[in-house]
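Everything on this sheet refers to the single structure shown next.
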Amino acid sequence: MAAFRVYPWLIFSIFVGVTAAVFYKMTTTVPDNYMDEIFHVPQIQSFCRGIFEWDPMITTLPGLYVLTLGLLNPIAYVLGINMTEFCTTDVVRAMNVLYSVGNCYIIYELLSTLKDKKKGPSRAVLMANAVTISTMPVLYFFSFLYYTDQGATFMVLLAYIFSLRNKHISSALVCVLAVFFRQSNIAWVVFIAGSVLVRELETDTAKHGPKRPATSLTKEVSRYFKTILGYFKSLTKLGSLILKLMPYAVVVLLFFCFMYWNNGLAVGDRSSHEASLNLPQLFYYVSFTTLLLAPYLITVWKAKQFLMFLKKYPLLTAMFLLLSLAAVHNFTYVHKYLISDNRHYIFYIWKNIFQRHWSVKYILCLPYIYGMWSMSNEMSNKSILWKVLFSVTLVAALVPWQLMEFRYFILPYLIFRLHLNNTRFKSRLLLEMIVYTTVNVVTFYVYMYRPFTWPDVESWQRFMW
């Protein structure tokens, strides 16, 4: 029994060791600032010198730099090292390794909290899931560069676990830090607050509603509507709910005050971050998630179930197809970075798939519908309230951005993966781990050992997410 208790932490220790080894190799192979690090690293180094001037090319709030400064200052003091000398590229990059390890542990805690208490997987399987999720290629790659992704993700996940454990003031305080890392995280603050409301309604409905499960969507909605009306009949219940939601409401209110004061979302140069109604961004996210989670979402059984769905609901399918075609036709945006920067996966995907023929973007609506159905089918254990909340959050988090960027999909992917229904199947988990490991190895190898040059630029260019 003692050996069993150690086993999950053995898996975690292997993850930490491998991550440390990859960090050492990445940092020694590419020691110089690369891509957006040419903005981020000089900014934190300026802070370390006590110069708090802002680079206008940086469009996020200074959470990344403030927390880095706060963590490195006491370490430098204990070691007797001057902060100016201590804030090197490799040291500040190491901050994201810490966030990566922290994310893995929080994901394990989230999985433990969200699992089915009666039929849930063992602790070892939960840790294997956490490690696999933590190595999701886009997120894991940015463990080794000084970017905002790991820290922003850490704050959102930490706020989420606090809210699930009813520590709402702590959760709201961490939500402030999440927005301080990346303003777009406000969508996930609203999701966390909405999750509190959904859980209260689900619990109250299960406690006081009919014992038999709802047999239709209409009946399920009707039950929740009656529960909501019940809150307005009881000031005690309503007051208790308001007290739980109030900390998050304060965060959202402060954010809107910031938006008003800043006259927009982005700080600094906003020329490349203009708001839009990029509806196909939802389809790109669905494709991204469906392919990454192919062991769960693309199976023979699911294909058969999808065909049955098409036969049972032809009109509904046709309606979704027409809406998808209309969205693609009227709201597809091609950002200048998408077609001009050949250092990213997305450049080649757009060039070799979407630009191959004018009809491709319309033909892809069929796989989009499969992906949406498969993801929805995998969330069959979730209530209609949770599904609506997640869908609305996706729209708020993704649609406003013109640029098709995989990094925008990190948190939507993580929230979906955390709530995935059938993670008890070890064979699928193993396949998922193999897929992630393969993609990571290829990406790391090309990034480190296959640099290339541009005609008018002397420095090496490297392929990355």
Side-chain angles (χ1 to χ4, degrees), residues 34-40 57-61 63-64 96 136-153 156 178-179 181-188 264-293 327-328 331-355 361 364 368 371 393-417 439-440 443 446-447 461-465:
Y34 187 66
M35 197 70 76
D36 288 0
E37 283 186 322
I38 64 173
F39 307 115
H40 294 308
M57 294 303 295
I58 296 174
T59 59
T60 54
L61 290 169
L64 175 68
N96 277 340
M136 190 273 274
V138 182
L139 178 63
Y140 194 58
F141 183 87
F142 291 102
S143 304
F144 311 106
L145 295 175
Y146 193 60
Y147 273 55
T148 59
D149 300 86
Q150 284 286 355
T153 301
V156 172
V179 175
F181 264 80
R182 187 176 286 170
Q183 296 93 302
S184 57
N185 278 345
I186 191 64
W188 298 102
L265 184 69
V267 298
D269 181 18
R270 307 178 187 185
S271 60
S272 300
H273 298 275
E274 297 176 357
S276 68
L277 191 63
N278 191 1
L279 293 176
Q281 192 86 280
L282 297 171
F283 302 147
Y284 308 148
Y285 161 71
V286 166
S287 304
F288 173 87
T289 302
T290 302
L291 290 173
L292 273 184
L293 297 177
V328 166
F331 298 101
T332 295
Y333 291 88
V334 183
H335 196 281
K336 59 184 179 181
Y337 291 164
L338 189 61
I339 57 176
S340 63
D341 194 339
N342 67 344
R343 296 172 294 181
H344 302 282
Y345 273 110
I346 199 65
F347 171 87
Y348 299 96
I349 291 173
W350 194 265
K351 176 185 176 183
N352 296 319
I353 297 178
F354 288 88
Q355 290 188 323
K361 65 180 182 180
L364 288 173
Y368 294 156
T393 306
L394 282 181
V395 172
L398 300 178
V399 168
W401 309 113
Q402 287 189 15
L403 180 61
M404 181 182 175
E405 167 65 84
F406 287 135
R407 290 162 61 203
Y408 297 160
F409 303 154
I410 290 174
L411 276 168
Y413 156 85
L414 287 175
I415 297 299
F416 178 81
R417 178 61 177 81
V439 175
N440 281 327
T443 305
V446 175
Y447 173 78
Q461 307 303 316
R462 297 179 184 276
F463 182 78
M464 60 184 289
W465 285 102

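Keep in mind that what you see is a predicted model, and the values were worked out from it rather than measured.
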(message) Tell me the closest heavy-atom pair linking A327 and P280, and the distance in Å.
(response) O-CG, 3.8 Å
(request) Could you walk me through whether L61 and F181 pass side chain to side chain contact (heavy atoms under 4.5 Å, CB included), step by step? (result) CA-CA 6 Å; L61 290 169; F181 264 80; over 6 Å; no
Answer yes or no: is there a side-chain heavy-atom contact under 4.5 Å between [X] and [Y]?
X	Y	result
Y348	F463	yes
Y333	L403	no
V267	T60	no
F354	L364	yes
F144	N96	no
F347	L338	no

(request) Could you tell me whether F141 and Y147 have their ring centroids closer than 6.0 angstrom? (result) no
(request) Would you mind telling me which of M35, M464, Q150 makes a side-chain contact (heavy atoms from CB on, under 4.5 Å) with L145? (result) M464
(message) Here's a test for you: under side-chain contact (heavy atoms from CB on, under 4.5 Å), which of V286, L398, L292, L394 qualifies with F409?
(response) L398
[X] side chain to [Y] side chain, donor-acceptor N/O pair below 3.5 angstrom:
X	Y	result
R182	T148	yes
T290	Y368	no
Q402	S276	no

Between [atom1] of [X] and [atom2] of [Y], what distance do you get to the nearest 0.5 Å?
X	Y	atom1	atom2	answer
Y284	I349	OH	CD1	11.5 Å
F406	F288	CZ	CZ	6.5 Å
T332	Q281	OG1	CD	10.5 Å
W465	I410	CH2	CD1	10.0 Å
H344	M404	NE2	CE	13.0 Å
K351	I346	NZ	CD1	14.0 Å

(request) Mark yes or no for whether N278, through its side chain, and W401, through its backbone, hold a donor-acceptor pair below 3.5 Å. (result) yes
(request) Taking W188 for its side chain and S184 for its backbone only, find out whether a donor-acceptor pair lies under 3.5 Å. (result) no
(request) With side chain to side chain contact (heavy atoms under 4.5 Å, CB included) as the test, would you mind laying out the steps for T443 and Y345 before giving the verdict? (result) CA-CA 10 Å; T443 305; Y345 273 110; 2.7 Å; yes
(message) Go through it in stages, so that I can follow the logic: the residues are N185 and L411, the test is side chain to side chain contact (heavy atoms under 4.5 Å, CB included), and I'd like the CA-CA distance, side-chain angles, deciding distance and then a yes or no.
(response) CA-CA 9 Å; N185 278 345; L411 276 168; 3.3 Å; yes
(request) Begin with the C-alpha distance, continue with both residues' side-chain angles, and end with the deciding distance and a verdict on side chain to side chain contact (heavy atoms under 4.5 Å, CB included) for Q355 and I339. (result) CA-CA 10 Å; Q355 290 188 323; I339 57 176; 3.8 Å; yes
(message) Over 60° means perpendicular and under 30° means parallel, so tell me whether H335 and Y337 are parallel, tilted or perpendicular.
(response) tilted
(request) Sorted by first residue and then second, give each side-chain hydrogen bond (donor to acceptor under 3.5 Å, both in side chains) pair with at least one member in residues 405-414; sequence neighbours left out. (result) D149-R407, Y413-Y436
(request) Please identify each residue that fulfils ring pair (Phe, Tyr, Trp, His ring centres under 6.0 Å) with Y34, with sequence neighbours left out. (result) Y447
